[in-house]
Every structure is written in structure tokens, then in C-alpha cells.
Amino acid sequence: MGKLDGRTAIVTGAAYGDRAALGSAFAKALAAEGANVTVADVKDTTPVADDIAAAGGKALPLTVDVTNEGQIRYMVAKTVDHFGGLEILVNNAGLGSNIPQIPVTEMTVEQWDELMAVNVRGPFLCTKAAVPQMQKQGYGKIINLGSITMMKGLTHRLHYTSAKGAVLAMSRSLAAELGKDGIRVNTIAFGLITSQLNEEKFATEPEFEAAIMGSRALQVHYRAEDVTGGIVFLASPDSDHMTGQCLVMDAGEYFY
């Protein structure tokens, strides 16, 4: 038996890609524990769903823009209709910290608004749409993706760090508001996930890799697959008495 047998999850930002590919790894890890999973992204998630099915799991691929409330409502309704319920929401979709550096004096309102629409409005809209079903069931797990940059700060990416700080505050407020309904809301935060793009940068800029490794108590690389255990834990009954918290998995780069 898996820890999530009979439960249904939505994972946003779950398509394959050359960045951290967190969403697809999360979706596969939840499915491996028995969850039915809706894999949602603005890009095609069919390959992820096919891989889950090939491994014996159940997945529903959907194309969804998390800034569009109508599409999000459809995602939740389709999930409940297809699988019969919704217990887990992983708000993973977002623009990453490896976006171009922009000094605050040069950051445009359009750049600020674009990132906030995905990284803050997206989790808000997905949560808003998912909560009524979770309230009806008297149980739910909402997992929001943070970043250690929301505690440490990150120069020249003010919009990104501000958005992650908003997500942390959102999780705490939602935990306080929804606890009476049996809904747990937590944040999970990582540092720099080693991905294809980062490996290419490490190869050409060894000093960058050395700086990253030197900042960690455990001087190791960690990839998407190495941090899925945190998502499974927050989605499973193992964390049923945990809400409003931030779980940090960063190899000891930031003690929080």
C-alpha cells in the first residue's frame, strides 16, 4: 500500500522542462505513493501523464494557465469529476529564481506584474478553487512552493523574492483560516536545485558552483528527485498534525 492510496492531487507547473522540473518529479512521486494526479501546466503534460501511467499510476493531463481563473475552475471541476475528489493541491507553477537579474531601478511595472500574476495570484486562485471541495470532504492538504531566498534575500530579483515572501504569508494565513475545515496548509522551500541548465552553467563557471557548494553544510548537489520526499510527507497522513509551517530542504544552506 502507498501512503496516498485513494487520494487525488493536483500539481501545477508539472510539465517536463530543462529547468528544475520540480512539478513533474512531484507528480510522479505522489503517483508512486498511490495518488491519482492531475498534471497541469501551460505546456503539454501528456508525456508526464504517460510516464505515470506506464509505471502503473493514474494521471490526468491538463493545459492550464494559473493566471486564468476560468481555467483553474475547470481544472478543479475536471479533477473532481474524473477522480471523484481532491485531497491535495501542490502550487508549484511559477517563474523561477534563474530569471534575468534586474536592478530595482530598472525593473518595470510590467515585469513586476507578470511575475506576481504567476507566483502569487496563481497559488491564490488555485487555492480559492480547490478549497470548497476540500471543505466538503472535511480534509485537504495545500502545499505552496517557497524558496530560501524569501528568508535570505536575493539581489536583482526583487519581484521573485517578494513573491515567495507573499506565498509564505499566504500559507500561514490560510492555515489559520482553514484549520477548522480540516485543511492543512504548509510551505516547502528549496535552494538552488541542480538542473540541466545549472549543470551547463557549472561547467562554464566553476567558481559559481564552488560558491553554491561552499554555502551548504552538506556540500552536495540536489536534484528534483532528491526533494520529492518532502512533498510526499506534506501530502500524506504523516503530517496531519502540521500546518502553517515551512519545511526547508536546502542541504543546510539556511538554518530556519
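Note that these values count all heavy atoms, side chains included, but never hydrogens, waters or copies made by symmetry. This is a predicted model, so every value here is computed, not measured.
Expressed to the nearest 0.5 Å, how far OG1 of T12 lies from CG of N91 amounts to 5.0 Å. Taking CD1 of I99 as the start and OH of Y160 as the end, the distance is 8.0 Å to the nearest 0.5 Å. Summarising the geometry, atom CG belonging to L30 is positioned 11.5 Å from atom OG1 belonging to T38; distances are rounded to the nearest 0.5 Å. Here the straight-line distance linking atom CD1 of I183 with atom CG of L89 works out to 10.5 Å at 0.5 Å rounding. Remark: S236 OG to D5 CG distance equals 12.0 Å, nearest 0.5 Å. Atom-to-atom distance recorded for M170:CE and K164:NZ is 10.0 Å, nearest 0.5 angstrom.
The existence of a salt bridge linking E69 and K128 is confirmed by a sub-4.0 Å separation between a basic side-chain nitrogen and an acidic carboxylate oxygen. A salt bridge is absent between K3 and E33: the closest approach of a Lys/Arg side-chain nitrogen to an acidic carboxylate oxygen does not fall below 4.0 angstrom.
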Residue pair Q137, E87: steps toward the side chain to side chain contact (heavy atoms under 4.5 Å, CB included) verdict | CA-CA 8 Å; Q137 298 167 175; E87 288 78 23; 3.5 Å; yes

Let me see the working for Y139 and R7 under side-chain hydrogen bond (donor to acceptor under 3.5 Å, both in side chains), right down to the final yes or no.
-> CA-CA 11 Å; Y139 184 88; R7 301 193 179 189; 2.7 Å; yes

Verdict with supporting geometry, K141 and S239, side-chain hydrogen bond (donor to acceptor under 3.5 Å, both in side chains) = CA-CA 9 Å; K141 295 292 190 81; S239 61; 2.9 Å; yes

Start with the C-alpha distance between E199 and H221, add both sets of side-chain angles, then the distance that settles side-chain hydrogen bond (donor to acceptor under 3.5 Å, both in side chains), and finish with yes or no.
-> CA-CA 10 Å; E199 287 177 332; H221 289 279; over 6 Å; no

Show the numbers, then the answer: is there a side chain to side chain contact (heavy atoms under 4.5 Å, CB included) between L145 and F190?
-> CA-CA 8 Å; L145 267 289; F190 311 108; 3.5 Å; yes

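A donor-acceptor contact closer than 3.5 angstrom is absent between the side chains of T187 and N144. Residues H159 and E114 bring no donor and acceptor atom of their side chains to less than 3.5 Å of each other. E225 and T228 are not linked by any side-chain donor-acceptor pair at a separation below 3.5 angstrom, with hydrogens and angles left out of the test. Inspection of the D65 and Q71 side chains reveals no N or O donor paired with an N or O acceptor under 3.5 Å. Between the side chains of D44 and Y16, no donor-acceptor pair is found at a separation under 3.5 Å.
For the pair N36 (side chain) and T8 (backbone), a donor-acceptor distance under 3.5 Å is absent. At least one donor-acceptor pair under 3.5 Å links the side chain of D226 to the backbone N or O of R223. When atom types are taken as modelled, the side chain of S173 and the backbone of A169 share a donor-acceptor pair closer than 3.5 angstrom. In terms of modelled atom types and a separation under 3.5 Å, the side chain of D250 and the main chain of Y254 share a donor-acceptor contact.
For the pair K58 and F83, the cation does not sit on the ring face, since its NZ or CZ is not both under 6.0 Å from the ring centre and inside 45° of the axis.
Smallest separation of non-hydrogen atoms from L115 and A163: CD2-CB, 3.6 Å.
Among residues two or more places apart in sequence or in another chain, the ring-ring contact (aromatic ring centres under 6.0 Å, His included) test is passed with Y222 by none.
Side-chain contact between R184 and D240 is present, with at least one heavy-atom pair separated by less than 4.5 Å.
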